[in-house]
Amino acid sequence: MTEPTFAGRVSRWYEQHARDLPWRRPEADPWAILVSEVMLQQTPVARVVPAWQAWLERWPTPAALAGSSPAEAIRMWGRLGYPRRAVRLHECAVAIVERHGGAVPDRLEQLLALPGVGTYTARAVAAFAYGQRHPVVDTNVRRVVCRAVAGEPDAGPTTRPADLVATEELLPAEPAAAALASAAFMELGAVVCTARAPRCGVCPVESTCAWRASGRPAPAGPTRRPQRYAGTDRQVRGLLLGVLREASGPVPHQRLDQVWADDVQRARALAGLVDDGLVEPIGATSFRLVGDGPAVPVTG
DNA sequence: AATACGTGGGA
DNA sequence: TTCCCAAGTAT
């Protein structure tokens, strides 16, 4: 017997302790997995679970979603946040029907070409839906590898090519085992090797962790804090979209004017929503969610 | 590379 | 109450 590898230890731990998330069950198909990955972009698991179930009940296939309007997707998205993801997912469904016969593609290159699918999501689908051997690197994996291997307290803010290489070197050769290891790395970062208060006492690789060995040094100096949410264009966009989401069809601009007093900022936020494909002007005085009603509004 | 992009819950 | 953030992507 040889020493268990890093991936082997984490995978063993995963098999015993993984959360029972619905998109990890055998009946989850590639479309269900793609939907989960997009919803999980910057949104916590607990809020995604019910939204994911409702979404797939309504749109079990890409073709089903492609047959609905972007407006319906935006409404079904609810308050998961970053609603542009709902529009991108709708565009994904259309592209999958048009370019791939309605089946989620299994090649990395084709996945990356889909709207809203980037480095992480493309690899996650290739690995978790199709069992391919690709490093799947999200913020959790970067933190785990950074600590356990490099001994540093935190990874950089974005995934770099070097992160993919470092993770790839940890993966087992067999594709199915590699996919399992990737899921295990993510789970470890999500529930044990957390950003704020890591639970090293229950970690399966505590004995070989470089960060632990060096006394768990704290991150370097203060990082620049981004602007507050209150008062930003983001908040105004959220307020505007809230009104449009609750409405049915076009909303007169007078009603939108009431959500925010600053004319300049409100107009800028609304223009941003239009640019992002979430909202469209109807005539000269109204706005609606994209596709929320007849393509050509009837005028008298 | 830095920034924009939502939301709600926990510490 | 304030702060931090949670399976990223696009520009």
Side-chain angles (χ1 to χ4, degrees), chain A residues 14 18-19 21-24 28 32-52 74 77-89 91-92 111-129 134-145 154-161 163-164 167 179 182-191 193-197 219 222-242 244-245 259 265 268-269 271-279:
Chain A
Y14 177 80
R19 293 167 293 177
L21 302 177
W23 44 85
R24 288 175 174 168
I33 290 172
L34 173 58
V35 172
S36 78
E37 294 300 344
V38 173
M39 287 185 169
L40 286 163
Q41 293 168 3
Q42 303 287 283
T43 301
V45 166
R47 289 171 51 202
V48 166
V49 171
W52 178 85
I74 293 167
W77 195 256
R79 303 185 64 80
L80 283 183
Y82 293 150
R84 57 168 58 166
R85 290 182 291 166
V87 177
R88 297 294 94 81
L89 196 47
E91 292 170 356
C92 252
L111 288 163
L112 275 170
L114 296 174
V117 174
T119 303
Y120 162 76
T121 303
R123 290 164 177 279
V125 171
F128 302 147
H134 299 290
V136 181
V137 181
D138 71 339
T139 185
N140 289 311
V141 174
R142 283 188 294 117
R143 185 171 56 249
V144 166
V145 173
D154 276 307
T158 59
T159 298
R160 298 156 176 265
D163 297 318
L164 295 180
T167 303
S182 289
F185 293 162
M186 291 177 61
E187 184 77 350
L188 188 68
V191 305
C193 194
T194 56
R196 196 172 41 202
T223 57
R224 203 170 299 282
R225 190 160 40 84
Q227 62 183 348
R228 307 168 63 90
Y229 177 68
T232 62
D233 286 6
R234 270 152 110 158
Q235 183 188 17
V236 182
R237 286 169 58 113
L239 292 169
L240 290 169
L241 200 62
L244 291 158
R245 197 165 43 209
V259 308
Q265 189 177 23
R268 187 172 62 226
L273 289 171
V274 173
D275 284 345
D276 288 348
L278 290 155
V279 173

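- Counting to the nearest Å, the C1' atom of B:dG8 and the CG atom of A:Leu80 are 11 Å from each other.
- Listed candidates were C:dA7, B:dA11, B:dG6. Nearest to the side chain of A:Arg196 is B:dA11.
- Taking the salt bridge (Lys or Arg N to Asp or Glu O under 4.0 Å) definition, one finds that A:Arg196 meets it with nothing, sequence neighbours left out.
- In this structure, the nucleotide among B:dG8, C:dA7, B:dC5 sitting nearest to the side chain of A:Arg47 is B:dG8.
- Side chain of A:Gln265 to backbone of A:Gly231: a donor-acceptor contact under 3.5 angstrom is found.
- Set against C:dA6, B:dG6, C:dA7, the side chain of A:Trp23 has C:dA7 as its closest nucleotide.
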**OP:** Evaluate the side chain to side chain contact (heavy atoms under 4.5 Å, CB included) criterion for residues A:Arg268 and A:Asp233: first the C-alpha distance (whole Å), next the side-chain angles of each, then the deciding distance (0.1 Å), finally the verdict.
**Re:** CA-CA 8 Å; A:Arg268 187 172 62 226; A:Asp233 286 6; 2.7 Å; yes
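- Distance CG (A:Leu278) to C1' (B:dG6): 11 Å, rounded to an integer number of Å.
- Between A:Asp138 atom CG and C:dG8 atom P the separation is 5 Å, expressed in whole Å.
- One atom, CZ of A:Arg234, and another, P of B:dT7, lie 10 Å apart when rounded to the nearest Å.
- The residue A:Ala190 sits close only to the backbone: its heavy atoms come under 4.0 Å of sugar-phosphate atoms, none of a base.
- Within residues 113-121 of chain A, no residue has a heavy atom under 4.0 Å from DNA chain B.
- Rounded to an integer number of Å, the gap from A:Arg84 CZ to C:dT9 C1' is 8 Å.
- Projected onto DNA chain B by closest heavy-atom contact, A:Gly272 and A:Arg79 fall at different nucleotides, the more 5' of which corresponds to A:Gly272.
- If you take atom P in B:dG8 and the same atom in C:dT9, they sit 23 Å apart, rounded to whole Å.
- Rounded to whole Å, the separation between the P atoms of C:dA7 and B:dA11 comes to 15 Å.
- Residues A:Leu34 and A:Val117 meet the side-chain proximity criterion, which asks for heavy atoms closer than 4.5 Å.
- In the set B:dC5, B:dT7, C:dT2, B:dC5 carries the atom at the smallest distance from any side-chain atom of A:Asp233.
- With sequence neighbours left out, the salt bridge (Lys or Arg N to Asp or Glu O under 4.0 Å) criterion links A:Arg245 to no other residue.
- Along DNA chain B, the nucleotide nearest to A:Arg160 and the one nearest to A:Leu273 differ in position, and the one closer to the 5' end is contacted by A:Arg160.
- No contact: A:Ser36 has no heavy atom under 4.0 Å from any strand.
- Listed pair A:Gln42 / C:dG8 meets the phosphate criterion, a side-chain N or O lying under 4.0 Å from OP1 or OP2.
- Spacing between atom CG of A:Leu240 and atom P of B:dG6 amounts to 11 Å, rounded to whole angstrom units.
- With sequence neighbours left out, A:Arg88 forms a salt bridge (Lys or Arg N to Asp or Glu O under 4.0 Å) with A:Glu91.
- Between the P atom of C:dA6 and the CZ atom of A:Arg19 lies a distance of 12 Å, rounded to the nearest Å.
- For A:Tyr82 and C:dG8, the shortest distance from a side-chain N or O to OP1 or OP2 is not below 4.0 Å.
- Checked against salt bridge (Lys or Arg N to Asp or Glu O under 4.0 Å), A:Glu187 has the following partners two or more places apart in sequence or in another chain: A:Arg19, A:Arg24.
- A:Leu21 comes within 4.0 angstrom of a base, heavy atoms only.
- Using a 4.0 Å heavy-atom distance criterion, A:Pro83 is classed as a sugar-phosphate-only contact.
- One interatomic measurement links the two molecules: CG of A:Leu40 to C1' of C:dT9, which rounds to 15 Å at whole-angstrom precision.
- A:Ala32 is linked by a side chain to side chain contact (heavy atoms under 4.5 Å, CB included) to A:Ala28, A:Asp29, A:Trp52, A:Leu56, counting only residues two or more places apart in sequence or in another chain.
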